[in-house]
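Worksheet: one structure, shown below.
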Amino acid sequence: MLYNFKEIEEKWQRFWQEKSIFKAGYSPEKKKFYCLEMFPYPSGKIHMGHVRNYTIGDVYSRYQRLKGREVLHPMGFDAFGQPAENAAIKNQTKPDAWTHGCIDWMKVELKKMGFSYDWDRELSTCDSSYYRWNQWIFLKMFERGLAYKKASGVNWCPSCSTTLANEEVIEGECWRCHSQVEQKELEQWYLRISEYKERLLEDLKQLDKWPQRVIAMQNNWIGKSQGTEIYFRLKDNDKLITVFTTRPDTIFGATYVVLAPEHPLVKEIIKGKPQEKEALAFIEKVAKESKISRVKEDVKKEGVWTGAYCVNPVNQEVIPVWIADYVLMEYGTGAIMAVPTHDQRDFLFAREHNLPMKIVIKSPQSTVHSPQEMIEAYEGEGVQVNSGEFDGLANQEAKIKISQWMDKNSMGKIVTHWRLRDWLISRQRYWGTPIPIIYCPKCGVVPVPYAALPVELPEDAPFTGEGGSPLGKVKEFVDVLCPECGEKARRETDTMATFFDSSWYFLRFCSPKNENNPFDLQEAKYWMPVDQYIGGIEHAILHLLYSRFFTKFFQDLGMIDFNEPFKSLLTQGMVLKDGEVMSKSRGNIVDPDSIIQKCGADTLRLFILFAAPPETELEWDDRGIEGAFKFLNRLWRIQDNLKEKADLQVYRALHKAIKKVSDDIESFKFNTAIASLMELVNVIYQSGADKEVFSKLVLLISPIAPHFSEELWHGLGNKESILNAAWPEYDSSLLVEENIAVVVQVNGKVRGTVIVNKDIAEEDLKKACQEEPAVRKWIEDKPVRKIIIVPGKLVNIVI
RNA sequence: GGGCAAGUGGUGGAAUGGCAUACACGACAGACUUAAAAUCUGUUGGCUGCAAGGUCGUGAGGGUUCGACUCCCUCCUUGCCCACCA
């Protein structure tokens, strides 16, 4: 007989909802636990990735609840973004209606999984009660100079007339209309995250419960590197070209200088020179290419001579100034010194254009004497040559000496370089938070007053998907009176990037209905920081970095007194089918709902936790689902055959399982926690269980299969929810066996086992081992050199 | 090119430096059944052997150790992240 999962799951979901059992209350007398899973984008259906993410969080939340914590476990929707606009165009509907329809449907599905969310705290970033606080935060940042507008090069689709994020440019073309993407100078809003770079880097050290690789990625992204800026004087007009290098030891080998085509000095340098026309043509050509295609590997590096020369400050050599596409304005100073002998890109470029080369670092093994013999640049370690007074030094030492020498003699400067750029948040999109700024012909850029928030999205913007910001076409939205002078003015029509919305939602969950502040200070003080955050590795950089940035900003506003939002982070692996990521385009999606129909949510939860540890990839297996379902049924049947009193060995097995399951859940090893429950069930099938053993078994599996356990719990005569019970404790005296099996090795190979009393004296143990016949045979009369004893486990006899 | 993971039976996966393959799936066998399903009980790394046993075995090769899936070095493969990064 199979248990009736359908009836049971519906019944307890209703029960939990009626009793408001997951409601989180501000209870300072109790220890709190804030468990958060990354909120979903409401695309309509939940997929296996969501199921995995949220099941992990749910088990952990329920476990913490049973351990007596006041648990905050909220859920909401990251509801702004482009897919809603696309869907609206496609389905002839409005993004608002489409999004809310998706949210409603996803909520039904999430509830079917039995997740323990406090739905009273639900939030949606597309509601003005939420996004007004985005605008509030933006204004606070604007006041402090952290939100600013500047012109810079961005990806631009001429046919859609909108900017594109790098991810939206596919092989140099617009992802929607396939036009060639261009680079364009545009005025856009930025957040000055670079102001926080030191703290964002330094505080990574506090995050000892984050995965190492996420820390590494953040480190990498912030990208602090030590280097040297070197000044090359232009021969014509004494102006300086500043180059950035991490290899000052190669400065004596610099044979030309290269500027990025966009470099501000370029136009000045080429003016009036015979090379001007060719150079301008080249600059234009590069400008037309998108960053993406320019950055593609195998593309040949192209460049032209400017006609100008500059002077190497260390040896007064006069060398030519080039422009080339392989030098990027965004990195360093937008100018490099080229050392063809010791940099592969410079090497290829110099070969191509017949530029001179000079060896300045020699590897000890090298037989190469002139640059003409080289087939590639030598980028390794070596000894300085052709480097004036530094000849003979190891290049690593020279690196330091030369940069110090240049710094002292004003030829250059030791600098720290950061890879982190300011964050471009302007989007020419409709479905996002309007940026609360007004442009007044008289007063200039004027922030919307706090009292006038929210700046609401107009409901009926023209939606075609073509050409510019839809908000710009809504006259009632754009036309506004200047808050300062009262004259006619115009609103900003760009909206914010959606990463803005998700950079602080965890704070809003502490008091989602607060109307005076983005969050209640006292509530936030109690609940924050998030004790456990769980989500996909794809957010390892941007979302987590932005959230850390916002947290530090709130700290600076004096609204919170901690500097990191997420104490512990778990990044769950992807769900695969036949070795590939589940996706619509591959057509290998397994719909969670179909599994719930067939075997129930508890089976799905059990399988997804059992199939792999949470951080690794999970291979979907329909037969594994059946196995999980069988196990629940096997456990279910125990209730019909309870004994008066179970055997001692069953109690031992129970307490062993209590310890193992507790330890494993704490450290997210759900798969082995379940394995130990299976072992316990196997023991019970051999020897029988009593009511006490069974009750504790039901408690142990309750975070994993909550409906199932709630039903069994009530079947055992309990009147209250299992969630109000206490997590079982183990009796450590039951974990120790009187007689233990000790493995005996001879020269490291297992040759036998002896059963001895746990308190046996060392000498007696040694004797017992040597007398064991299976061991004796291997020792014979050879002299025993040494005996190694691992207490309670193993004896190794070395002969 | 740089950084980080990972590599164990037919499969998913276990193993604080101490019995490699727990637990499960699959397969095979037995019990129950007129029969099947379900359920329960066994067997299940390779080679060798009638058997007891022996021997090999955690991507490859070295090293440390009484003892290595685990630690160190070199390499191979796969995955992820970053990258014309100067």
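Just so we're on the same page: letters track the sequence lines, and every chain starts at 1.
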Do any N or O atoms from the side chain of A:Asp249 and from the backbone of A:Ala398 form a donor-acceptor pair under 3.5 angstrom?
no
Decide whether [X] and [Y] meet the rule of one side-chain donor and one side-chain acceptor closer than 3.5 Å.
| X | Y | answer |
| --- | --- | --- |
| A:Asp346 | A:Tyr326 | yes |
| A:Gln649 | A:Ser687 | yes |
| A:Asn747 | A:Arg785 | no |
| A:Trp221 | A:Asn219 | no |

Not counting sequence neighbours, which residues clear salt bridge (charged side-chain N to carboxylate O under 4.0 Å, His left out) with A:Lys598? List them please.
none
Side chain of [X] only, heavy atoms from C-beta on: which candidate in [options] is closest?
| X | options | value |
| --- | --- | --- |
| A:Lys793 | B:rG18, B:rC85, B:rA24 | B:rG18 |
| A:Ile541 | B:rC82, B:rC84, B:rC40 | B:rC82 |
| A:Val798 | B:rA20, B:rC66, B:rA15 | B:rC66 |
| A:Arg345 | B:rC82, B:rC85, B:rG18 | B:rC85 |
| A:Thr245 | B:rA86, B:rG18, B:rC23 | B:rA86 |
| A:Trp221 | B:rA83, B:rA14, B:rC85 | B:rA83 |

Give the rounded distance in Å between these two atoms: [atom1] of [X] and [atom2] of [N].
| X | N | atom1 | atom2 | value |
| --- | --- | --- | --- | --- |
| A:Ile537 | B:rG3 | CD1 | C1' | 13 Å |
| A:Asn747 | B:rA68 | CG | C1' | 16 Å |
| A:Asp346 | B:rA86 | CG | P | 12 Å |
| A:Leu545 | B:rC82 | CG | P | 13 Å |
| A:Lys660 | B:rA15 | NZ | C1' | 9 Å |

Which part of the nucleic acid, if any, lies within contact of [X], taking any heavy atom under 4.0 Å across all strands shown: a base, the sugar-phosphate backbone alone, or nothing?
| X | result |
| --- | --- |
| A:Gln686 | sugar-phosphate |
| A:Asn682 | sugar-phosphate |
| A:Lys630 | sugar-phosphate |
| A:Asn796 | base |
| A:Val743 | base |
| A:Arg785 | nothing |

Would you measure the distance from the C1' atom in B:rC76 across to the matching atom in B:rA60 and give it in whole Å?
7 Å
What interatomic distance, in whole Å, is found between C1' of B:rA68 and the corresponding atom of B:rG61?
15 Å
Parallel under 30°, tilted from 30 to 60°, perpendicular over 60°: which one fits the rings of A:Phe499 and A:Tyr546?
perpendicular
Polar side-chain contact A:Gln745-B:rG18 base: donor and acceptor under 3.5 Å:
yes
Closest-nucleotide ordering on RNA chain B, the 5'-leading residue of A:Lys786 and A:Tyr685:
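Taking each residue's closest nucleotide, the earlier one in sequence belongs to A:Tyr685.
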5′-ward residue of the pair A:Ala611/A:Lys669 relative to RNA chain B
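So the residue in question is A:Ala611.
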Under 3.5 Å on both distances, the Watson-Crick or G-U partner of [N]:
| N | answer |
| --- | --- |
| B:rA15 | none |
| B:rA51 | none |
| B:rG1 | B:rC82 |
| B:rC71 | B:rG63 |
| B:rG42 | B:rC28 |
| B:rU58 | none |
| B:rG7 | B:rC76 |

Any side-chain N or O of [X] less than 4.0 Å from the OP1 or OP2 oxygen of [N]?
| X | N | value |
| --- | --- | --- |
| A:Arg623 | B:rG12 | no |
| A:Asn671 | B:rA14 | yes |
| A:Arg637 | B:rC40 | yes |

Quick one: is the NZ or CZ of A:Arg419 closer than 6.0 Å to the six-membered ring centre of A:Tyr331, and within 45° of its axis?
no
Basic-acidic side-chain contact under 4.0 Å: A:Lys358, A:Glu317
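Result for this pair is yes, salt bridge flagged.
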Determine if the base of B:rG9 is syn or anti; take syn to mean the glycosidic torsion is within 90° of 0.
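Because its glycosidic torsion lies within 90° of 0, B:rG9 adopts the syn conformation.
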Once rounded to the nearest 0.5 Å, what's the spacing between atom CZ of A:Phe670 and atom CG of A:Asp664?
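Taking CZ in A:Phe670 and CG in A:Asp664, the distance rounds to 9.5 Å.
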Do nucleotides 43-58 of chain B as a string where each nucleotide becomes B, S or -: B if the base has a protein heavy atom under 4.0 Å, S if just the sugar-phosphate does, - if no protein is that close.
-----------SSS--
Heavy-atom count around A:Lys766 NZ within 6.0 Å, excluding the residue itself: above 12?
yes
Just so I know, are the side chains of A:Ile323 and A:Phe282 near enough to count as touching, which here means a heavy-atom distance under 4.5 Å?
yes
Among residues 208-217 of chain A, which contact RNA chain B at a heavy-atom distance under 4.0 Å?
A:Arg213, A:Met217
